[in-house]
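Okay, structure first, notes after.
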Amino acid sequence: MMHDFVHHHAVRGVLSVAVLGPDAAITTALRVAITAAELPAYETVDVAVANEARYDESTHLGDQLSALTRVLLDATTVEQTLRQITAASIVVIPHTKMASVTLCDPAGRFFTPIQTDYVATELDQVQYATDAGPCVDVAGADGPGYALDQDLTTASAWPQFAATAVRNGLGSVLSTALQPAGGQVSVRGALNIYSHRGAITEDDRHRALLLATHASLALARSHAGEVAALHAAQLQHAIDSRDVIGQAKGILMTRQGLTADEAFALLRRTSQELNVKLAEIAGALAGRHTGLGPPPA
């Protein structure tokens, strides 16, 4: 599966790297299927960025944006465009750990139709529930063009959001406004970039603005029905995800003798270590739970 992923992106000019512990069992298995030339592996994100940044930055960025433009021209729906934008954030903004899109419909309801990691949805939801956070500020009426906090571990304008972000290993956030002026549907939004503490540079902010502009143009061409469909799909996905995560927690609790909190923590940790969405981990576990061992004596 990993080989197919790497090859799929390589033919489109997108570089993939792996961040793996040197003694991790998966490292040995990975090298059987994929050579180091195809998928370089590093011990930390910082080392990966440093080693893979040996190109002419401006030329490489131009190539990336040209490739993104070609992909976006092939997108036929606003969902496809927003999905490509968030995926591109990981590539175009080097220190992005995860990204999401916030939309605010004409009724003033915030939702996250697209994200690269389930944790981003959790962070967005905290902001919606408390009505406080960078994406809420930016996507709200008369909001600023962007909101940036480089150190969420110190006093923050959004304490509950900041505490949730830090608990998930994140230290900085950038939200850039999506403003589809003149569009057929009155929808505001934000492109949200989550990263390590102090990692978001001024150059990153400019790159986020370029991506947000692409997303704004897509929203300007969208229809109210598309946005409503995105909201409905997001709600259904949230329901489905909760169901399958609940099933996986129940299996772990029964088979491994864990509490509900311990089972969820194990699912979350596995998701983060494998860089696979929590709902996908839960779905795989729910579908193959007979392979689990019996609970401890």
Side-chain angles (χ1 to χ4, degrees), residues 9 12-16 45 49 52-53 55 57-104 110-117 119-121 123-124 127 133-140 143-150 170 172-183 187-196 199-222 226-227 230 234:
H9 287 80
R12 289 162 175 76
V14 178
L15 171 68
S16 298
V45 172
V49 171
E52 296 302 329
Y55 46 73
E57 180 75 14
S58 60
T59 301
H60 191 72
L61 175 61
D63 291 342
Q64 290 174 338
L65 292 177
S66 294
L68 174 61
T69 300
R70 290 193 296 272
V71 170
L72 294 177
L73 287 174
D74 292 334
T76 58
T77 67
V78 67
E79 178 184 7
Q80 290 175 353
T81 300
L82 295 179
R83 196 172 298 281
Q84 293 291 352
I85 291 292
T86 53
S89 299
I90 306 295
V91 177
V92 176
I93 304 174
H95 291 95
T96 300
K97 191 169 183 181
M98 59 190 70
S100 68
V101 169
T102 290
L103 293 183
C104 180
F110 293 105
F111 64 101
T112 300
I114 304 295
Q115 40 72 28
T116 62
D117 190 292
V119 173
T121 299
L123 296 176
D124 292 351
Q127 298 176 67
C135 71
V136 170
D137 289 354
V138 167
Y146 72 94
L148 172 65
D149 191 331
Q150 285 279 33
L170 299 163
S172 62
V173 59
L174 169 66
S175 291
T176 304
L178 308 181
Q179 298 173 326
V187 178
R188 301 181 305 275
L191 172 64
N192 310 308
I193 304 298
Y194 296 105
S195 188
H196 301 289
I200 300 174
T201 66
E202 187 71 5
D203 187 50
D204 292 336
R205 188 172 69 79
H206 294 154
R207 294 182 182 204
L209 177 60
L210 289 174
L211 294 175
T213 300
H214 277 294
S216 297
L217 291 172
L219 287 173
R221 295 193 301 268
S222 67
E226 280 191 271
V227 176
L230 278 175
Q234 184 265 330

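The closest side-chain heavy-atom distance from Ser175 to Thr102 is not below 4.5 Å. Taking the side chain as every heavy atom from C-beta outward, Leu123 and Asn192 never approach each other to under 4.5 Å. The closest side-chain heavy-atom distance from Gln115 to Thr86 is not below 4.5 Å. At a threshold of 4.5 Å between non-hydrogen side-chain atoms, the residues Asp124 and Tyr194 count as touching. Between Pro113 and Leu103, the closest side-chain pair of non-hydrogen atoms falls below 4.5 Å. Here the side chains of His196 and Lys97 are in contact, with some heavy-atom distance below 4.5 Å.
Residues Ala147 and Pro134 come closest through the heavy atom pair CB-CB, 3.9 Å. Ser100 and Ala120 get closest at one heavy-atom pair: CB-CB, 4.0 Å. Scanning all heavy atoms of the two residues, the minimum distance from Ser172 to Gln150 falls at CB-O, 3.5 Å. The shortest non-hydrogen separation linking Ala208 to Leu191 is O-CD2, 3.9 Å.
Distance check, rounded to the nearest 0.5 Å: CZ of Arg207 to OG1 of Thr201 gives 7.5 Å. With rounding to the nearest 0.5 angstrom, the CD1 atom of Ile114 is 10.0 Å from the CD atom of Gln84. Within the model, atoms SG of Cys104 and CG of Leu178 stand 11.5 Å from one another, a figure rounded to the nearest 0.5 Å.
Screening Thr96, Ile193, Val138 for a side-chain contact (heavy atoms from CB on, under 4.5 Å) involving Leu174 leaves a single residue, Ile193. When each of Leu209, Val92, Ile93 is paired with Asp204, the side-chain contact (heavy atoms from CB on, under 4.5 Å) condition holds for Ile93 and for no other.
Judged by distance alone, the side chain of Ser195 and the main-chain N or O of Ile200 form no donor-acceptor pair under 3.5 Å. The backbone N or O of Ala99 lies less than 3.5 Å from a partner atom in the side chain of Thr116, making a donor-acceptor pair.
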